[in-house]
Amino acid sequence: MRSLVQEHVRAWSCEDVFVGCSGNLTIERIVHDLKTVDRLHGCDVTLYSCALGSYFAGEMVEVELAPAAAEQFGWLGGYLEDPPDRLATILLASAFAGAVGKDNVYWTRLRSAYEAQWPHLHVKTRAKVEAAELELASFAARDVCEWIDDVPLEAGVISYPPFYSGGYETMFAKLEQLFRWEAPSYEQLGPEGFQEALFDKFRRHKHWLYGAPEPIEGHERELVGHTQVTNRDRPMYLYSGSFTKRRIVRPKQELEPPPFDRLGSKEELGEELRIVPIRYQQFCSLRSAYMDVHIPPAVATPFAVLVDDKIVGACAIDLQRGAVTFDSSKVESPYAILLSDFAVAPTLYPKLSKLVLYAALSTEAQLIFQRTANSRVRSLATTAFTNRSSSMKYRGLFKVVNRNEAPPETGKRFRVNYAAPAGRWSLEEGFAQWKARCT
Amino acid sequence: MEGQMHVSKRKVENMRPIATRIERLDLRELELLELNARYMRHETYAQLVANIKRDGVLTSVPFAWLNPESGKYLVLSGNHRVQAAIDAEVFEADVLVTDDELPEEHRIAIQLSHNALVGEDDPSVLRELYDRLDVDLRVYTGLDDEQLGMIEQPSLASLTEANLEWQSIAFLFLPEELERARAAFALAREQVATDEVWLARRGDADRALDAIADTAAAHGIRNVSAAMTVVLEIFERHRDELVEGFRDGEGELRHKGQVPVSAVLGTDRLPAELAARLRHVLEGIAGRNESTLLEALSALLADTQGDGRAEGRGDDQRTRGDGEAGQEHEGEDRRRPRKRRARPAKRARRRPAPGA
């Protein structure tokens with residue numbers, strides 16, 4: 001994205017470049033670094049962006065603490081003196097704002113930490129602001145759909161509007177509650193609205209670049225960039241009126257050979273069941289080889305399951321529980337999510353995937369998970385997409401938490417959530433049980 | 001080694017020319033290899049499916065052998081293509097087939113050779129060809145500008161707020177064995193980049209983690225260090241219970257080491273007025289005895305223990321032979337200790353200690 005913007009703007013023959021939806025001024029800073037444009041202009045509507053933009057345009061917005069905030073955070077008032085002071089305060093407050101209005105121990109602790117460290121953090125942030133080499137010829141706190149009408153047609157224009165209606169409002173709502181300022185009025189951009197009201201307006205200019213989260217139908221020839229960094233990231237499509245360079249960046253998992261051999265197709269199992277942490281790249285190799293190739297990979301903490309020194313399978317655990325939230329009345333907390341689990345194949349053992357689960361539910365695995373997470377792991381939870389009402393792999397070891405219709409993109413009928421207590425047996429006991437039941 | 005080479009050479013020589021023909025087959029009826037060394041990343045496979053969907057056909061032909069046991073064709077080369085075509089709902093395709101008898105070794109050799117005998121790319125020619133393509137067709141190739149080294153990454157100085165500063169502490173729970181504990185401690189000191197490392201018995205790990213987990217649940221938080229802070233606050237409120245560490249239920253001393261003052265008073269802070277009075281008393285005793293404040297306190301207690309016995313609270317802990325000092329100042333200091341004794345009595349009524 002950064003590279004594409006520079007490559008395109010470098011080829012433009014215009015004195016002024018206008019950036020709509022400035023955000024944190026990334027595009028302005030990329031273009032500024034080129035030193036090929038005489039004047040840069042920005043536009044946005046949030047306090048965060050307007051503070052940044054107006055500061056670098058030399059006309060810092062006036063802000064004061066909102067009455068409610070002044071009551072609670074009066075000490076902030078001493079940090080709104082001059083423009084760099086005000087900008088540093090707003091930038092810092094954007095991180096601090098998340099803790100406002102929440103009263104549990106965590107947020108209280110965070111608020112106290114900010115208050116205690118504020119003088120020091122403010123000095124550091126102010127130094128960053130003052131060191132930034134950026135100069136804007138103008139900045140408009142305006143609705144981009146109206147602002148673009150006033151931009152001269154011979155100027156270059158760039159915009160990468162927010163993906164979703166209300167996305168930025170939610171992100172900065174808390175910050176806006178802290179300060180009183182002259183906020184511009186604007187209409188939220190919807191998926192229909194952006195193409196009609198904005199994309200067409202941008203395309204009228206001599207030079208233009210426009211980023212969108214979805215392909216824009218009928219404009220394939222103007223598509224100059226398609227970037228997606230990881231398999232679960234949202235892609236970005238970049239359109240331009242002037243063909244200079246076309247660039248694509250596609251996700252590509254980094255692979256690395258696993259540190260052990262897998263169990264051979266005609267090889268018998270050894271004596272000792274083990275579970276060991278492996279590198280993520282090694283796990284990606286195993287997953288690509290043995291897991292359903294249709295499932296997009298997610299980042300999790302990976303482990304190999306071995307018998308003696310032969311890999312029989314692998315699993316990956318989301319210890320932060322970022323991916324899915326389970327009903328804590330039905331799953332004993334704290335729980336970790338078993339994001340992937342699979343066995344190598346083919347082998348002499350048709351139920352080898354259950355051995356991976358026996359290993360994952362062992363006390364040794366629980367200890368490793370806890371040590372990795374730095375917290376208790378009392379149970380494991382997982383989700384299976386299946387055409388049957390239950391997954392044979394989890395049956396008997398995990399209990400069904402709930403069962404829903406699967407999303408269409410999975411190609412399966414049911415989404416079944418499962419959970420099981422962690423640390424149910426030692427690896428040795430688990431291995432013995434698996435042998436008794438599954439071989 | 002040489003013998004093995006002769007055998008391999010003879011086997012290759014024995015491979016006869018293979019009779020092949022192209023047949024239009026239902027891909028769903030083909031057998032796929034059970035053991036295949038070649039695998040695909042999710043994203044590569046997804047692109048292959050997308051390409052076949054876009055083309056509506058398979059543009060390279062799989063190779064399959066008639067398996068006399070099943071009567072079906074087994075794909076020796078092109079397993080991913082066949083599977084991807086089925087996923088792309090392209091169910092029929094031209095397949096290069098052979099009905100010849102092919103021993104397993106020969107089939108494996110064909111399978112591996114199709115994976116291994118592939119050419120190399122000249123990077124500059126590759127870039128030149130790739131550069132002629134528009135965005136959609138670049139995606140089609142399965143390559144991208146990044147892997148071809150065609151993207152320069154402009155560096156951008158950060159323009160964000162300074163982050164909160166944190167300090168970290170690691171608790172390492174270790175097995176009981178001393179040697180392992182020592183080794184792990186040495187390793188921890190080398191590897192763990194935290195501000196402090198504490199060691200504790202592994203047997204306590206679950207209890208500690210349970211305490212943190214339960215505290216987090218009670219407060220509706222997930223942050224472990226915030227929960228730990230609450231655990232410490234709860235501890236602070238119960239510091240007086242540390243008395244169990246140095247005095248048993250019968251009042252017997254458990255050890256003669258040092259204990260924190262808060263274990264006696266339940267707090268390490270005193271109201272300023274009380275602190276000033278205590279200090280005044282102790283300084284008075286210390287001044288007269290030319291002793292330290294601690295010795296003065298000892299003398300004071302020796303004196304009050306005399307009172308305790310008189311009230312029937314027998315205590316034989318006067319072990320330091322400092323009764324003399326206490327006796328010297330009996331007249332001056334006896335009233336205040338009596339007042340202080342009243343407070344523990346109130347606490348005991350409010351929250352009786354187990355076994356008290």
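Remember, predicted model here, so these are calculated numbers, not experimental data. Letters A, B, ... mirror the listed sequences (proteins, then strands); counts begin at 1. Values below: all heavy atoms of this structure, side chains included; hydrogens, waters and symmetry mates excluded.
Pairing each heavy atom of B:Leu48 with each of B:Met40, the nearest pair is CD2-CE, 3.7 Å. Nearest heavy-atom pair across B:Leu27 and B:Val90 is CD1-O, 3.4 Å. Between B:Val49 and B:Ala84 the shortest heavy-atom distance is CG2-CB, 3.7 Å.
Contacts with chain A were tallied for B:Val230, B:Leu133, B:Thr160; B:Thr160 has the most, counting heavy-atom pairs under 4.5 Å. Of the listed residues B:Asp210, B:Ile151, B:Leu35, B:Ile221, the one with more heavy-atom pairs under 4.5 angstrom with chain A than any other is B:Asp210. No other option in B:Leu164, B:Asn223, B:Val224 has as many heavy-atom pairs under 4.5 Å with chain A as B:Leu164. Of the listed residues (A:Leu87, A:Thr108, A:Leu223), the greatest number of heavy-atom pairs within a distance under 4.5 Å of chain B belongs to A:Leu223. Listed options B:Asp131, B:Ile212, B:Asp134, B:Asn163 were ranked by heavy-atom pairs under 4.5 angstrom with chain A; first place goes to B:Asp134. The candidate with the highest count of non-hydrogen atom pairs below 4.5 Å against chain B, out of A:Gln253, A:Lys124, A:Arg250, A:His226, is A:Gln253. The choice from A:His120, A:Arg287, A:Glu220 that makes the most heavy-atom pairs within less than 4.5 Å of chain B is A:His120. With respect to chain B, the highest number of heavy-atom pairs below 4.5 Å among A:Ala113, A:Ala373, A:Pro296, A:Pro297 belongs to A:Pro296. Chain B forms the most heavy-atom pairs under 4.5 Å with one residue out of A:Arg126, A:Lys252, A:Glu133, and that residue is A:Lys252. Here A:Arg247 is the residue among A:Met291, A:Lys128, A:Arg247, A:Arg2 with the most heavy-atom pairs under 4.5 Å with chain B. With respect to chain A, the highest number of heavy-atom pairs below 4.5 Å among B:Glu146, B:His219, B:Glu34, B:Arg41 belongs to B:Arg41.
A:Arg29 touches chain B through backbone and side chain together, each having a heavy atom under 4.5 Å away. Interface residue A:Thr26: backbone and side-chain heavy atoms are both found under 4.5 Å from chain B. Residue B:Thr44 does not touch chain A at all, counting heavy-atom pairs closer than 4.5 Å. In this structure, the portion of A:Ser265 lying under 4.5 Å from any heavy atom of chain B is its side chain and not its backbone. If you measure heavy-atom distances from A:Leu255 to chain B, the contacts under 4.5 Å come from both the backbone and the side chain. Interface residue A:Ser285: backbone and side-chain heavy atoms are both found under 4.5 Å from chain B. For B:Asn36, no part lies near chain A; criterion is any non-hydrogen pair under 4.5 Å. Residue B:Glu233: no heavy atom, backbone or side chain, is found under 4.5 Å from chain A.
Not one N or O on the side chain of A:Thr125 forms a donor-acceptor pair closer than 3.5 Å with the backbone of B:Glu161.
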Practice problem: Give the intermediate values and the outcome of salt bridge (Lys or Arg N to Asp or Glu O under 4.0 Å) for residues B:Glu128 and B:Arg132. | Solution: CA-CA 7 Å; B:Glu128 185 185 333; B:Arg132 295 182 194 173; 3.3 Å; yes

Exercise. Go through the steps for B:Glu89 and B:Lys53 under the test salt bridge (Lys or Arg N to Asp or Glu O under 4.0 Å), then give the verdict.
Key: CA-CA 7 Å; B:Glu89 299 186 346; B:Lys53 205 173 266 183; over 6 Å; no

Practice problem: Show the numbers, then the answer: is there a side chain to side chain donor-acceptor pair (under 3.5 Å) between B:Asn115 and B:Gln111? | Solution: CA-CA 7 Å; B:Asn115 290 339; B:Gln111 177 192 335; over 6 Å; no

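Between the side chains of B:His42 and A:Ser288, no donor-acceptor pair of N or O atoms lies under 3.5 Å. Remark: the A:Asp233 side chain and the A:Gln228 side chain contain no N/O donor-acceptor pair separated by less than 3.5 Å. Donor-acceptor pairing under 3.5 Å is recorded for the side chains of B:Ser70 and B:Glu31. Inspection of the B:Gln83 and B:Asn79 side chains reveals no N or O donor paired with an N or O acceptor under 3.5 Å. A donor atom on one side chain and an acceptor atom on the other are found under 3.5 Å apart for A:Ser22 and A:Glu28.
At a heavy-atom cut-off of under 4.5 Å, chain A is reached by B:Val135, B:Asp136, B:Arg138, B:Val139, B:Leu143, B:Asp144, B:Asp145 from residues 135-145 of chain B, listed in order of number.
Around CD of B:Glu165, the count of heavy atoms belonging to other residues, nucleotides or ligands within 6.0 Å exceeds 12.
If you look at B:Tyr39 and B:Tyr45, their ring centroids are not closer than 6.0 Å.
A heavy-atom distance below 4.5 Å is found between the side chains of A:Leu319 and A:Phe369.
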